Amino acid sequence: MKRSKDIIKDLMLSIKKFDEWVNKSRKGDKIIYYRGYLCDPWQQKLSPTMSRTNIEKLRKYVYHAYLKRVVTLVQKRHDSMDYEYIAVRI
């Protein structure tokens with residue numbers, strides 16, 4: 001059985017990995033950078049967490065890439081409070 005820390009790791013991409021992906025990706029490539037509920041991660045079903053700081057850093061970092069027109073952002077809903085947050089290279 002996976003530990004809570006490992007589950008979070010699987011559900012949240014690191015900023016370093018996101019940068020690596022941006023540098024190697026081509027137009028139309030997609031990456032899931034977070035799975036859960038980005039707005040209130042402590043309420044999500046998959047792996048509730050109080051690590052709001054790390055999640056907020058990732059959210060802001062990816063959003064900054066969106067503002068710079070490096071990526072566009074989409075979501076895929078699986079269930080209540082269970083979304084895939086996806087960056088698409090433009």
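Each residue takes its place number in the sequence, starting with 1. Predicted, not measured: the structure shown is a model, and the values here were computed from it.
- Side-chain contact between Trp21 and Arg89 is present, with at least one heavy-atom pair separated by less than 4.5 Å.
- At a threshold of 4.5 Å between non-hydrogen side-chain atoms, the residues Phe18 and Val62 count as touching.
- At least one side-chain heavy atom of Arg69 sits under 4.5 Å from a side-chain heavy atom of Ile90.
- Proximity of Arg35 to His78: side-chain heavy atoms (C-beta onward) are separated by under 4.5 Å at one or more points.
- Here the straight-line distance linking atom NZ of Lys76 with atom CG of Asp82 works out to 10.5 Å at 0.5 Å rounding.
- Transitive grouping of hydrophobic side chains (ILVMFWY, heavy atoms separated by less than 4.5 Å) brings Tyr34 and Leu67 into a common cluster.
- Val74 and Val70 fall into different hydrophobic clusters, where Ile, Leu, Val, Met, Phe, Trp and Tyr residues are linked whenever their side-chain heavy atoms come under 4.5 Å apart, directly or through other members.
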**Report entry** Residues Tyr33, Ile86; criterion side-chain contact (heavy atoms from CB on, under 4.5 Å); working and verdict
**Finding:** CA-CA 6 Å; Tyr33 62 93; Ile86 305 163; 5.6 Å; no
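- Contact check for Val71 versus Val88: no side-chain heavy atoms found under the 4.5 Å cut-off.
- Side-chain atoms of Met12 and Asn54, non-hydrogen and from C-beta on, do get closer than 4.5 Å to each other.
- Distance OH/Tyr83 to CZ/Arg77: 4.5 Å, rounded to 0.5 Å.
- Inter-residue side-chain proximity for Ile31 and Asp29 is flagged as unmet; no heavy-atom pair is nearer than 4.5 Å.
- What you find for Leu13 and Leu58 is that their closest heavy atoms are O-CD2, 3.3 Å.
- Once rounded to the nearest 0.5 Å, the distance linking OG of Ser14 with CD of Glu20 reads 7.0 Å.
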Query raised in the report: When you look at Tyr85 and Ile32, which way does the side-chain contact (heavy atoms from CB on, under 4.5 Å) test go after all the steps?
Result: CA-CA 6 Å; Tyr85 295 88; Ile32 299 168; 5.9 Å; no
